[in-house]
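Data block below; observations after.
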Amino acid sequence: MQGAAGNPVCPPEWLALREPADADARSTALADAVRDLLPPGPLRVRDLGCGTGSMGRWLAPRLARPGGQHWVLHDRDPVVLSHAVASLPGGVTAEAGPGDLTGLGADALAGTSLVTASALLDLLTADEMDALAAACTAAGCPVLFTLTVSGRVRLHPEDPLDAEIGAAFDDHQRRDENGRRMLGPDAPAAAAAAFARHGARVRTADSPWRLGPDRPALLREWLAGRLDAACAQRPGLAAHAGAYRDRRERALDAGELTVSVGHTDLLAVPGGRS
């Protein structure tokens with residue numbers, strides 16, 4: 001999972017702050033569709049980049065059925081992973097799957113009913129995305145990936161610097177890091193193309209955050225992270241960042257600032273599944 005805007009590190013405080021907005025944004029239509037296509041009986045769900053377990057807390061009640069559910073939770077951070085394992089709803093069992101999720105192959109997914117992830121795909125490279133699609137489809141696992149950033153951001157009221165900051169932020173999301181070029185806002189299209197290329201049927205749905213006076217703390221953190229990432233990508237913006245931040249903070253404090261942060265949810269079903 002991704003941390004505050006532009007930051008791949010996911011402190012528990014940020015994950016807790018964003019969880020209500022995530023829950024409101026995810027596509028219930030795609031969740032209902034995946035529930036309806038899963039076979040009866042017990043489920044084994046793998047949640048990639050699980051963070052503190054918000055995807056499981058949101059999705060597990062929607063998948064409830066006789067036979068129960070067992071979730072295998074994958075994350076590289078042992079602190080959030082231990083929290084996730086202990087925090088899933090009653091009647092759902094869970095185990096930790098530490099390690100690098102990009103190394104999962106079709107053999108590791110044997111017996112898995114569903115693969116899920118939330119706010120993850122933008123951190124992958126194109127090759128990693130293709131390998132994940134290949135593994136899931138070869139194993140016959142449907143996937144439900146939610147809240148992948150799309151780059152579609154609308155702020156109201158508008159500001160003359162919005163477009164330049166947005167472009168710099170998107171470039172930061174696509175940056176090369178340790179020899180890896182992350183997909184950033186190209187991830188929704190890359191994921192859909194990868195699963196289709198491997199023979200899966202793909203459905204997508206918009207799942208934007210809608211932030212305003214009802215979520216000032218999240219909006220403030222999102223805005224600060226976005227601006228910091230934009231300035232890191234284009235240092236020349238730093239000369240204007242203070243004034244921009246002040247204008248946005250005044251609008252936020254006055255209850256006038258609203259933001260739509262675009263995300264895309266994706267359901268992919270391997271060929272032959274109904």
Problem set entry | Nearest non-hydrogen partners of R203 and A33, listed with the distance | NH1-CB, 3.4 Å

For this session: Consider only side-chain heavy atoms of I, L, V, M, F, W and Y, link residues closer than 4.5 Å, and tell whether V72 and L120 are in one cluster.
Result: no

Exercise. Would V202 and L266 satisfy side chain to side chain contact (heavy atoms under 4.5 Å, CB included), going step by step from the backbone distance to the final call?
Worked result: CA-CA 7 Å; V202 176; L266 177 145; 3.9 Å; yes

Problem set entry | Nearest-0.5 Å distance, CH2 of residue W58 to OG1 of residue T28 | 6.5 Å

Exercise. What closest approach, in Å, do V34 and L114 show between heavy atoms, and which atom pair accounts for it?
Worked result: CG2-CD1, 3.5 Å

Exercise. Can any side-chain N or O of H172 pair as donor or acceptor with the backbone N or O of A230 at less than 3.5 Å?
Worked result: no

Exercise. Tell me, do R234 and E164 make a side-chain contact under 4.5 Å, heavy atoms counted?
Worked result: yes

Problem set entry | Validation row: R26, L59 side chains within 4.5 angstrom (heavy atoms) | no

Exercise. Just wondering, are more than 12 heavy atoms of other shown residues or ligands nearer than 6.0 Å to CD in E158?
Worked result: no

Exercise. In Å and rounded to the nearest 0.5 Å, what is the CG to CG distance from L155 to L161?
Worked result: 11.5 Å

Exercise. If Ile, Leu, Val, Met, Phe, Trp and Tyr residues are connected whenever their side-chain heavy atoms lie under 4.5 Å apart, and connections chain through other members, are L219 and L147 in the same group?
Worked result: no

Exercise. When rounded to the nearest 0.5 angstrom, what distance separates CD1 in I165 from CZ in R226?
Worked result: 8.0 Å

Problem set entry | R181 side chain near D127 side chain, heavy-atom distance below 4.5 Å | no

Exercise. Under a 4.0 Å N-O cut-off, is there an ion pair linking R245 with D228?
Worked result: yes

Problem set entry | Exercise: identify the closest heavy-atom pair between V115 and C141 | CG2-CB, 4.0 Å

Exercise. Just by modelled atom types, is the D159 backbone N or O under 3.5 Å from a matching donor or acceptor in the D162 side chain?
Worked result: yes

Problem set entry | Worked check of side chain to side chain contact (heavy atoms under 4.5 Å, CB included) between T146 and L30 | CA-CA 9 Å; T146 68; L30 293 190; over 6 Å; no

For this session: Show your reasoning for whether side chain to side chain contact (heavy atoms under 4.5 Å, CB included) applies to R197 and D130.
Result: CA-CA 9 Å; R197 188 164 55 247; D130 188 75; 2.7 Å; yes

For this session: Nearest 0.5 Å please: distance from the CZ atom of R46 over to the CG atom of L73.
Result: 10.0 Å

For this session: Considering only NZ, NE, NH1 and NH2 on the basic side and carboxylate oxygens on the acidic side, decide whether E249 and R220 come within less than 4.0 Å.
Result: yes

For this session: For F195 and M129, run side chain to side chain contact (heavy atoms under 4.5 Å, CB included): C-alpha distance rounded to whole Å, both residues' side-chain angles, the deciding distance at 0.1 Å, then the answer.
Result: CA-CA 9 Å; F195 276 93; M129 185 67 256; 3.7 Å; yes

For this session: Kindly give the heavy-atom pair with the smallest separation between L257 and R248, and that separation in Å.
Result: CD1-NH1, 3.5 Å

Exercise. Roughly how far, to the nearest 0.5 Å, is the CG atom of L237 from the SG atom of C231?
Worked result: 5.5 Å

Exercise. Taking everything shown except R62 itself, do over 12 heavy atoms lie less than 6.0 Å from its CZ?
Worked result: yes

For this session: Please check if W14 and V79 belong to a single hydrophobic cluster, counting links between Ile, Leu, Val, Met, Phe, Trp and Tyr side chain heavy atoms closer than 4.5 Å.
Result: no

Exercise. Among R18, R215, R210, which residue meets the salt bridge (charged side-chain N to carboxylate O under 4.0 Å, His left out) test with D24?
Worked result: R215

Seminar exercise, completed: Heavy-atom nearest pair, S113 first then L38, reads O-CD2, 3.4 Å

For this session: Ignoring hydrogens and angles, state whether a donor on the side chain of S54 or D22 is under 3.5 Å from an acceptor on the partner side chain.
Result: no

Exercise. Would you call R250 and D253 a salt bridge, using N to O less than 4.0 angstrom?
Worked result: no

Exercise. Does some side-chain heavy atom of V259 sit less than 4.5 Å from a side-chain heavy atom of W209?
Worked result: no

For this session: Look only at the side chain of Q173 and the backbone of D122, and say whether a donor-acceptor pair between them is shorter than 3.5 Å.
Result: no

Exercise. How long is the gap from CD on Q233 to CZ on R174, to the nearest 0.5 Å?
Worked result: 10.0 Å

For this session: Output yes when a side-chain donor or acceptor of H156 lies under 3.5 Å from a complementary backbone atom of T258, and no otherwise.
Result: no

Problem set entry | D206 side chain near S27 side chain, heavy-atom distance below 4.5 Å | no

Problem set entry | Non-hydrogen side-chain atoms of R57 and S87 separated by less than 4.5 Å | yes

Exercise. Under 4.5 Å between any side-chain heavy atoms of M55 and L144, yes or no?
Worked result: yes

Exercise. In this structure, are over 12 heavy atoms from other groups packed under 6.0 Å from D36 atom CG?
Worked result: yes

Exercise. Is a side-chain donor-acceptor pair under 3.5 Å present for T264 with T148?
Worked result: no

Problem set entry | Modelled atom types, side-chain donor and acceptor of T93 and H70, under 3.5 Å | yes

Exercise. Do you know the tightest heavy-atom contact between D75 and G51?
Worked result: OD2-N, 2.9 Å

For this session: Taking the side chain as every heavy atom from C-beta outward, state whether L132 and V143 have any atom pair closer than 4.5 Å.
Result: no

